[in-house]
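Notes to accompany the following structure.
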Amino acid sequence: MFKAWHEGFAMVDKKTIRNIRDGYLFLSPYLILVIIFLIYPIFSGLWISLHEWAILGSNKPFIGLNNYRQLFSDEVFWKSLFNTFYFVLLSTPLLVILGLLFAVMLNKEIKGRTFFRAAIFMPYLLSISVVGMLWLWLLQPRHGLVSYYLEKLPFFPQINWLGDPKYAMPSIVITTVWWTIGFNMVLFLAGLQDISKELIDASKIDGTNAFQEFWYITLPLLRRVTLFVVIMQIIRSFQIFGQVYIMTGGGPYGATRVLVQYIYENGFKYWKMGYASAMAYVLLLIIMFFTLIQLKIGEKEN
Amino acid sequence: MLKKTPLTRYLLVFLLTVVAALWIVPLFWMLSTSLKNETDTTNIPLQWIPPKITFENYEYILFKSLLIRWLLNSFIISSTVVCFDLFINSMAAFSLSRLKFPGRDIIFSIILATLMVPQQVTIVPLYLMVNKMGLVGTYPAIIIPRVAMALGVFMLRQFFLQIPKEYEEAAEIEGAGRFLIYWRIMMPLTIPALSALAIFAFLGAWNDFMWPLIVANTPEMFTLPVGLANFSGTYQFEYAKSMSAALIASLPVILVFLFFQRQFIQGVAMTGLKG
């Protein structure tokens, strides 16, 4: 890359200069936007997190790591962190395993495949508010579609899905699975299409059954895609916000208050910008941890 | 394997039908509820077909709420984001893949690193910045962070890298300038990737929730998701109204999806896996 510099300016010919000029010319519109609206805010957020930063007050004292220290003793923060982990733990396996299962089922040549795929994928296109409003209605006690039919089952208890702290988070998980499973399914389908048909056919001659074929051939070949989907799902699940904001507002009794929501509340309800930023950085660390795992695995695979 | 045992095949189709039903029934229920009188929504036993079909909810949503305005806002914002993304990202990707200049690889690594950063990290500083610029509650404020994203550049760069060098060289011999090479050779060859990016960028902006929730501060400026969330807060227990609003809001995207299903799914797979 720096070859031109090393070989001295005598070697820098017209073409190199044109390359430099054009390179930066083409890059500059994007680069300027990214520096101002992405890279600068990333560092500025860290700076803000070291201050007591109220939006209205002109006085923004530097308080070092006090915001972070305060996080340690903030029970609501721990509770929201716990709720977030709980959501990640419940939602990730479901979204990955069901996504894979649906994809494997849809990879077979059967009638109506396009229809099935479209049906499962469609909710992914709906905006979070639509999904939230719809499931708010479906999960309504007594009159909601879900509650109505479940209560008809023998021995099924009457559940106040969103109103009971025990069931509120599982309800959010169910909603999320319905909403986003299509995305993972499509990723798995793309991965499945890359597996050569010959390999599968060869295994059939050897007389494997469908389960063996899946377990010993498809799954190992899908390892890269699966790892990718798992990590991406974990990262997305950690950022959960909209479902909770619309369906429960964090309740009942804070049972569904998640980290991003607490960031939102601190930043834009109580206007404690420094404190909100500190929390956002905790989220960044969590997400970076999983991204680095992914990069490490990716390196090993290559 | 499946040909030998039709039973497995029937079982598969049966399972898929159940799953598809579970995924579609909520949407059907949304439609059914939206056509009911408010009083009929809570009838027991449940009625799948409205006993008396009415369009009064739609009338209310279309003429007495701001939903159409929100649709328009979302459309303006999402389209602008797509235009910006397609031009600016492809130019950057072209520069990062086809031109050699000092600093290129460092810049690319930095752009790549920003992929790790969740949106929530920049939200506070961005708000303070937009606030200082006096842009809170305007289209530019809602659009800005969405045009400074790394995924599009990353994906397009991968595509540009796959295009053989001969194309450019031939054009260069003919005397074509850089811009012509970018516009006439690279862009047409990347149309599948560009349409994938367009779909991805549009959906991302269309469904974005947290940022517009923060910066769109008047009902007139709400985007569709923010407006609906607000609506839901007010009409939470008026199910017929809620469901007609939800349905009208979803219709444009669903219709486009039904027409361009393959492109949508390929686009999602492409952007999803590359990112």
Side-chain angles (χ1 to χ4, degrees), chain A residues 1-2 5 19-20 22-24 26-27 29-30 33-34 37-39 41-42 44-45 48 102 105 108 110 116 118-123 125-130 132-134 137-138 143 145 148 183 186-187 190 204 210 239 241-242 246 260 263 267-268 273 276-277 280 283-284 287-288 291, chain B residues 1-2 8-9 12-13 15-16 19-20 23-24 26 29-30 42 46 88-89 91-92 94-95 99-102 104-105 111 114 116-118 120-122 124-126 144-145 147-148 153 178 207 209-210 214 224-225 228-229 232 239 242-243 246 249-250 253-254 257 261 265 268-269 272-273:
Chain A
M1 178 180 76
F2 288 108
W5 305 101
N19 264 337
I20 297 174
D22 291 352
Y24 279 102
F26 273 97
L27 192 56
Y30 176 74
L33 282 173
V34 159
F37 296 116
L38 185 61
I39 294 173
I42 291 173
S44 147
I48 293 167
F102 292 174
M105 277 162 44
K108 305 271 191 263
I110 44 161
F116 289 132
I120 298 171
F121 182 76
M122 199 139 63
L125 301 170
L126 304 179
S127 87
I128 178 56
S129 309
V130 170
M133 284 162 88
L134 175 58
W137 170 212
L138 292 170
H143 306 290
L145 193 68
Y148 179 80
F183 181 69
V186 165
L187 296 190
K204 279 177 198 161
Q239 299 180 58
F241 171 63
I246 290 156
V260 174
I263 294 174
F268 302 97
M273 299 299 204
S277 286
L283 180 69
L284 176 66
I287 284 171
M288 255 162 84
T291 316
Chain B
M1 157 78 214
L2 279 175
T8 329
R9 184 174 285 251
L12 192 65
V13 172
L15 273 175
L16 279 171
V19 172
W23 257 254
I24 288 184
W29 192 239
M30 178 156 90
T42 48
L46 291 186
I88 294 175
N89 288 0
M91 276 167 67
F94 174 66
S95 159
L99 304 172
K100 275 207 176 108
F101 53 91
R104 184 187 74 172
D105 295 354
I111 292 173
T114 62
M116 273 197 273
V117 180
Q120 293 82 8
V121 168
T122 55
V124 166
L126 266 178
I144 276 170
V147 293
V153 171
R178 274 283 147 64
N207 287 340
F209 183 62
M210 193 174 178
I214 292 164
L224 204 53
L228 278 177
S232 168
Y239 305 115
S242 299
M243 290 304 103
S250 315
V253 186
I254 288 185
F257 170 68
Q261 215 197 105
I265 288 179
V268 168
L273 281 177

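Each chain gets a letter, A, B and so on, in the order its sequence line appears, and its residues count up from 1. The shown structure was predicted, so the numbers you read here are calculated from the model rather than taken from an experiment.
Nearest approach of B/Pro102 to A/Ile20, heavy atoms of both residues: CD-CG1, 3.5 Å. The shortest non-hydrogen separation linking B/Val124 to A/Ala276 is CG2-CB, 4.1 Å. The shortest non-hydrogen separation linking B/Ser95 to A/Gly23 is OG-O, 2.8 Å.
At a 4.5 Å heavy-atom cutoff, the contact between A/Pro29 and chain B is made by backbone and side-chain atoms alike. Only the side chain of B/Ile214 comes within contact range of chain A, judged by heavy atoms closer than 4.5 Å. Both the backbone and the side chain of A/Leu126 come within contact range of chain B, each with at least one heavy atom under 4.5 Å from a heavy atom of that chain. Using a 4.5 Å cut-off between heavy atoms, A/Ile48 contacts chain B through its side chain alone, with no backbone atom that close. Both the backbone and the side chain of B/Gln120 come within less than 4.5 Å of a heavy atom in chain A. Residue A/Phe241 touches chain B through its side chain alone, counting heavy-atom pairs closer than 4.5 Å. For B/Met116, the parts sitting under 4.5 Å from any heavy atom of chain A are the backbone and the side chain alike. With a 4.5 angstrom heavy-atom cutoff, B/Ile254 touches chain A only via side-chain atoms.
Contact tally against chain A (heavy-atom pairs below 4.5 Å) for B/Ala246, B/Ser242, B/Pro118: the top residue is B/Pro118. For the set A/Ala280, A/Pro41, A/Gly132, the entry with the most heavy-atom pairs within less than 4.5 Å of chain B is A/Pro41. Among the candidates B/Phe209, B/Tyr239, B/Phe94, B/Phe257, the residue making the largest number of heavy-atom pairs closer than 4.5 Å to chain A is B/Tyr239. Ranked by heavy-atom pairs under 4.5 Å with chain A, the list B/Val19, B/Val147, B/Val13 is led by B/Val19. Chain A forms more heavy-atom pairs under 4.5 Å with one residue of B/Leu15, B/Asn89, B/Val153 than with any other, namely B/Val153. Of the listed residues B/Ala249, B/Ala229, B/Pro145, the one with more heavy-atom pairs under 4.5 angstrom with chain A than any other is B/Ala229. Between chain B and the residues A/Ile120, A/Ile39, A/Val34, the largest count of heavy-atom pairs under 4.5 Å involves A/Ile120. Interface remark: of the candidates B/Leu224, B/Val121, B/Ile111, B/Val121 forms the most heavy-atom pairs closer than 4.5 Å to chain A.
Using cut-offs of 30° and 60° for the angle between ring planes, the B/Trp29 and A/Trp137 rings count as parallel.
Going from atom NZ of A/Lys108 over to atom CG of B/Leu12 covers 7.5 Å, rounded to the nearest 0.5 Å. The CG atom of B/Leu16 sits 5.0 Å away from atom CZ of A/Phe116, with the distance rounded to the nearest 0.5 Å. Rounded to the nearest 0.5 Å, atoms CD1 (B/Ile88) and CG (A/Leu33) are 5.0 Å apart. Atoms CG and CZ, from A/Asn19 and B/Arg178 in turn, are 4.5 Å apart once rounded to the nearest 0.5 Å. Here the NZ atom belonging to B/Lys100 is positioned 15.0 Å from the CG atom belonging to A/Asp22, to the nearest 0.5 angstrom. Taking CH2 of B/Trp23 as the reference point, atom CE of A/Met122 lies at 13.0 Å (rounded to 0.5 Å).
Between the side chain of A/Ser127 and the backbone N or O of B/Asn207, no donor-acceptor pair lies under 3.5 Å.
Under the 4.5 Å side-chain criterion, counting only non-hydrogen atoms from C-beta, B/Val117 is in contact with A/Leu284. A/Phe26 places none of its side-chain heavy atoms less than 4.5 Å from the side chain of B/Phe101. Put simply, the side chain of B/Met91 does not reach to within 4.5 Å of the side chain of A/Tyr30, judged on heavy atoms.
Applying side-chain contact (heavy atoms from CB on, under 4.5 Å) to B/Ser232 and the options A/Val130, A/Ile246, A/Leu134 leaves one that passes, A/Ile246.
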